[in-house]
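We use all heavy atoms of the structure for the numbers below, so side chains are in, but hydrogens, waters and symmetry mates are not.
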Amino acid sequence: MTNNIIELRGVSKSIHGNDILYDLNLEVRNGEFLTLLGPSGCGKTTLLRLISGFEFPTTGQVLINGKDVNGLAPHLRHVHTVFQSYALFPHMSVFENVAFGLRCQKLPKNEIDTRVNEVLKTVKLEKYANRKPEQLSGGQQQRVAIARAVVNRPLVLLLDEPLSSLDYRLRKTMQIELKQLQRKLGITFIFVTHDQEEALSMSDRVVVMHEGCIEQIGTPRQVYEEPQNLVVAKFIGEANIFDSEITAIDGKQLTVNIQGQERKIKCNREFAIGQKVHILVRPEDLRVWGQAEVEDSKNMYPGVVEEVIYKGTTVDLMVRLANGQLVGATEFFDEDDEKLEYAIGERVWATWLSGWEVVLPHETA
Amino acid sequence: MKQHDDGTLKYSSLGIIWLWLIVFALLPFCLVALASFASHDDAHLLSFPLTLANYAELNNSVYLRIFKQSFYIAGTCTMICLLLGYPFAYIIARIRSRYKSFLTLLIVIPFWTSSLIRTYSMITMLKPKGIISSILMWLGIIDKPLPLLFTDTSVMIGLVYNLLPFMVLPLLTNIERLDHRLVDAARDLGANRFTTFRRVILPLTMPGIISGCILVFLPAMTIFYIPDLLGGSKSILLGNLIQNQFLVAQNWPLGSAISVVFTLILAIMILIYWRTMGKKDHREFL
């Protein structure tokens, strides 16, 4: 007996001859917060609909709690969805919306009352039980939608971009609330989003999807710090990419050529001498020094500041390197750099600490 | 300045509609209401003194039977239109095809011909040696002509045929507005198709059902030429009764009294509906 609440085995889906999903394999562990992350149109909503039963796979199997659910209609599956638009029933009160699933199970009235009141209390809506959905704010409607689904104690809760229509501040609050709710209930959450920050901050594991394929499955730290390919690296966070070539290999130490300079890099992946690679450096790892601050310009790349964006906690720079490449750098205020003053047009040196880069095989993108 | 112009336009266009309704709807109704209290003699259409005799005359088994019969026929016609129209409207509203606008057009096409002419053409279809009987006989399903014309059945066929679009169009608009994600949500929460229909689709399309029913029921009661043409002399409904009183019997006060009673009954029915639906939902269908 595995601990997987949901399993996808070789699932493909095409609609009207268009391939939406290709040969997906995914195991969702019981009790985890899993996020499907990808740009719109990458098939993440379709994947959710395969689990909820609104779509069936063209090939492959979907297993819920170890059982193949192919052909099983949505109302017979013990998974529930929180829809992007909430899809609250406008003609019913908050209480009736939440009670809907329990009434479908034909539970006795007093049990329905107890469970609905209990869950309304959990989402802090007990005072609004008699209101209609339209009389609630966006955040409250969102909570009703969640309450309506979790009251049925589903095996898995599917959330289809549930926060995308909320404003920034409310979205932040709801992210924390959702995460706390998930811990409290212990229900498996499968959360769909195109917002990488949301995915990283909420999930136990992230599934990065792109054009119908799963590109990487890992913890937020893994997908951010050790992206498996350029697609993942570019989609999650900003990335400066240097095209390079390996000139020497000594055990785990590679020597690469970046913009005419040799640089030694540690890497666990297998590469061959002469192989073209991408060297990936996150903006927050890129250091920019003024002319006066630099004595030894080894492993440093000269450039000119093109743009300075003050963001309060950081200063973001756009630097045009000598070879014409534009790179982004995020500089933090700390005891070394209390001022961080840069002028547009200033000549600077850009570099990063060895070991903070990621080496990826060359892709023709 | 612009604000002021908008205001003028708004109030003048509203004013025209108000004026129109007052002159051609409220005023005539008041005249009819007044006429219903007038006395009747052979020399004058309307005369003094004012009296309640016309209403007293209505309390008579012949008229009561016509009232009952009319409500029965119009009610049945409305039910048939609803049962035929709802699935039809639902399918067209939900269909994702390039023929959708064509299908909607098909409902409207009959309006391009006068309903009177279409009713005459029904006679050709329904008469004993008409098209329906001939085809059924040719197919060997029946061996003598069907006595369709001049029966309640033929009146019903004529009414349903003429009034079905009035049921379908408001339903179509209403069902098209129905957010299909709500249906998905119901299914997702464990409702089977029947429960989804009963608890989500039906309540949300109720405004369409009610306005469709009103649009069918009203003309079904009063459209006098359909029972006239298809029902023959046997079939007298409310519409024919009112028409007879005005044009044949020349008894305007009695005709007016019948009209007033009929209007009041309908007003009460709509009021009851408003009360049961709650205050907010009125605007949705009227």
Query - Qualifying side chain to side chain donor-acceptor pair (under 3.5 Å) pairs with a residue from residues 76-87 of chain B, counting only residues at least two apart or across chains - result: B:Tyr86-B:Thr205
Report summary line: When every non-hydrogen atom of B:Ala191 is compared with those of A:Phe100, the smallest separation belongs to CB-CE2, 3.7 Å
Report task. Using distance alone, with no hydrogens and no angle criterion, decide if A:Ser52 and B:Asp188 have a side-chain donor and acceptor under 3.5 Å apart. Result -> no
Report task. With sequence neighbours left out, write down each residue that passes salt bridge (Lys or Arg N to Asp or Glu O under 4.0 Å) with A:Asp160, or none if nothing qualifies. Result -> none
Query raised in the report: So with a 6.0 Å cut-off around CZ of B:Arg94, is the heavy-atom count from everything else above 12?
Result: yes
Requested in this report: Verify side-chain contact (heavy atoms from CB on, under 4.5 Å) between B:Arg199 and A:Met92, making sure each step is shown before the conclusion.
Outcome: CA-CA 10 Å; B:Arg199 295 211 47 210; A:Met92 293 182 199; 3.7 Å; yes
Query - chain B contact residues among residues 101-122 of chain A, heavy-atom distance under 4.5 Å - result: A:Gly101, A:Arg103, A:Cys104
Query - Non-hydrogen side-chain atoms of B:Leu189 and A:Phe89 separated by less than 4.5 Å - result: yes
Query raised in the report: If you count heavy-atom pairs under 4.5 Å with chain B, which of A:Leu76, A:Asn152, A:Leu88 comes out on top?
Result: A:Leu88
Query raised in the report: Can you tell me if CZ on A:Phe56 sees more than 12 non-hydrogen neighbours from other groups inside 6.0 Å?
Result: yes
Report summary line: Answer key: most heavy-atom pairs under 4.5 Å with chain A among B:Val183, B:Asp184, B:Asp179 is B:Asp184
Report summary line: When the 4.5 angstrom heavy-atom criterion is applied to A:Val151 and chain B, the contacting part is neither
Query raised in the report: So with a 6.0 Å cut-off around CZ of A:Arg205, is the heavy-atom count from everything else above 12?
Result: yes
Report summary line: side chain to side chain donor-acceptor pair (under 3.5 Å) pairs touching residues 67-77 of chain A, sequence neighbours excluded, are A:Gln61-A:Asp68, A:His75-B:Arg187
